[in-house]
Number of protein chains: 2
Amino acid sequence: MRTLYHPRTDELNLTTVLYALSDPIRLNIIKILDAKGEQSCSSLEIDAPKSTLSHHFKVLRESGIVHTRIEGTQRFISIRYEDLNARFPGLLPAVLLNFRQEE
Amino acid sequence: MRTLYHPRTDELNLTTVLYALSDPIRLNIIKILDAKGEQSCSSLEIDAPKSTLSHHFKVLRESGIVHTRIEGTQRFISIRYEDLNARFPGLLPAVLLNFRQEE
DNA sequence: TCGTATGTACGAATATATTCGAACAATGGA
DNA sequence: TCCATTGTTCGAATATATTCGTACATACGA
C-alpha cells in the first residue's frame with residue numbers, strides 16, 4: 001500500500017470519532033501519542049500482537065484521529081490535533097484532560 | 001423494577017461514556033434532551049420500536065449520561081450535566097456544541 | 001376490578017467488532 | 001541478492017451489540 005487513506009477535516013464524523021475513542025487500547029494509544037508526540041508503531045510498546053495493534057491503528061486513522069506518515073519500513077503516527085479541534089472544538093482536549101488527571 | 005441503577009459520579013468511566021455517545025440513535029436522544037430538557041421516553045418521538053428505544057435508554061442511564069426519574073407509568077429522562085462535567089470537564093459541552101453547529 | 005398507557009425484560013436473529021496467527025509487502029543494509 | 005525489520009492483510013474464531021416481537025410489570029382512571 002503506497003498511500004494511506006485519511007479523511008479530510010470536513011469529513012470527520014462525530015459518532016465515528018467517539019466510537020474510535022471508546023476502546024481502551026485505542027485510548028491508550030492516544031494517551032501515549034499525546035504524552036510523547038509522534039511515534040512509530042513499535043515504539044508505543046503496547047502489549048498486544050502486531051496484527052491487533054495494526055487493526056487499532058487503522059480504526060484511529062480512518063476515523064481521522066491520527067495521521068500516519070510512512071518513512072522507510074516504519075510508520076509514524078501522530079494525533080491530528082488541529083483538524084480535530086477545527087471540526088469538534090474542545091472535544092479532544094476534554095478527552096486528553098481526563099488522561100492527565102488520571103495520573 | 002422499583003429502583004433504577006445510576007452510577008455515581010466518581011464511577012463514570014470514559015470509555016463507557018464515549019461508547020454510549022457513539023451511537024446515532026443515542027446521540028439523537030441526547031440532542032433532543034439537550035434542546036428540550038427532561039422528557040418522558042415517549043415524548044422523544046424517535047422512529048424506532050419501543051424495545052429498541054428502551055435498550056438505548058438503558059445504555060445511556062448505565063453509562064451515567066442520563067438520569068431516569070419514575071413518575072406514575074412514565075419515566076422522565078434528563079442529562080446529568082453537572083455530574084458529567086464534574087467527572088469529565090468540557091466533554092459533554094464539546095459534544096453538544098457539535099449538535100448545535102449542525103443545525 | 002378491568003382496561004389503558006407507559007415502558008421494561010426476555011430471547012433470538014442478525015450485525016458488527018475484536019483478536020490474533022500466518023502469510024505477505026516494502027524497505028534498507030550487509 | 002539475501003535477510004532482517006516493520007507493519008499490513010487475510011481469514012476465522014470469538015465476543016459483543018443491535019434490533020425488535022412478545023410477554024410482562026406498574027400505575028392510574030373509570
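Letters A, B, ... are given to chains in the order of the sequence lines, protein chains preceding strands, and every chain is numbered from 1.
Contact annotation for Phe76(A): no contact, since no heavy-atom pair falls under 4.0 Å across all strands.
Closest non-hydrogen pair, Leu53(A) versus Ala48(A), comes out as CD1-O, 3.8 Å. When all heavy atoms of Ile29(B) and Leu60(B) are compared, the pair lying nearest together is CG2-CD1, 3.8 Å. Minimum heavy-atom separation, Thr68(A) to Arg75(A): CG2-CB, 3.7 Å.
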Assess whether side-chain hydrogen bond (donor to acceptor under 3.5 Å, both in side chains) is satisfied between Ser43(A) and Ser40(A), documenting all intermediate values. CA-CA 5 Å; Ser43(A) 66; Ser40(A) 70; 3.2 Å; yes

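When hydrophobic clusters are built by joining Ile, Leu, Val, Met, Phe, Trp and Tyr residues whose side-chain heavy atoms come closer than 4.5 Å, directly or via intermediates, Ile30(B) is not grouped with Phe76(B). Cluster membership check: Leu92(B) shares its hydrophobic cluster with Leu84(A), using side-chain heavy-atom separations under 4.5 Å among Ile, Leu, Val, Met, Phe, Trp and Tyr. Side-chain heavy atoms closer than 4.5 Å link hydrophobic residues (I, L, V, M, F, W, Y) into clusters, and following such links, possibly through other members, connects Ile79(B) to Ile77(B).
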Name each donor-acceptor pair under 3.5 Å that joins a side chain in residues 9-21 of chain A to protein atoms two or more places apart or in another chain, with its distance.
from, atom 1, to, atom 2, distance (Å)
Thr9(A), OG1, Asp83(A), OD1, 3.1
Asp10(A), OD1, Arg8(A), NE, 3.0
Asp10(A), OD2, Arg8(A), NH2, 3.1
Glu11(A), OE1, Arg8(A), N, 2.8
Glu11(A), OE2, Arg8(A), NH1, 3.4
Asn13(A), OD1, Thr15(A), N, 3.1
Asn13(A), OD1, Thr15(A), OG1, 2.6
Asn13(A), OD1, Thr16(A), N, 2.9
Asn13(A), OD1, Thr16(A), OG1, 2.9

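Over its full length, the helix from dT1(C)-dA30(D) to dA30(C)-dT1(D) turns its helical axis through 10°, comparing axes from the five pairs at each end and rounding to 10°.
Evaluation of the salt bridge (charged side-chain N to carboxylate O under 4.0 Å, His left out) rule for Glu71(B) yields Arg69(B) as partners, not counting sequence neighbours. Remark: His67(A) engages no residue in a side chain to side chain donor-acceptor pair (under 3.5 Å) (not counting sequence neighbours).
Within the 3.5 Å criterion, the main-chain N or O of Val59(A) finds a donor-acceptor partner in the side chain of Ser63(A).
Regarding Ile70(A), its CD1 atom lies at a distance of 16 Å from the P atom of dA25(C), rounded to whole Å. In this structure, CZ of Arg75(A) is placed 13 Å from C1' of dT5(D), rounded to the nearest angstrom. Rounded to an integer number of Å, the gap from Glu62(A) CD to dT18(C) P is 12 Å. Gln74(A) places its CD atom 11 Å from the P atom of dG28(C), with the value rounded to the nearest Å. Glu71(B) has its CD atom 14 Å from the C1' atom of dG7(C), to the nearest Å. The nearest whole Å value for the distance from the CG atom in Leu4(B) to the P atom in dA25(D) is 17 Å.
Each of Ile77(B) and Gly72(A) was matched to the nucleotide of DNA chain C holding its nearest heavy atom; the match closer to the 5' end belongs to Ile77(B).
A heavy-atom distance below 4.0 Å to DNA chain D is reached by none of the residues of residues 20-30 of chain A. For the contact set between residues 44-58 of chain B and DNA chain D, defined by any heavy atom under 4.0 Å, the members are Pro49(B), Ser51(B), Thr52(B), His55(B), His56(B).
Considering only side-chain atoms of Thr73(A), the nucleotide from dT8(C), dT26(D), dT27(C) that sits closest is dT27(C).
Proximity of Tyr19(B) to the phosphate of dT18(D): a side-chain N or O atom is located under 4.0 Å from OP1 or OP2.
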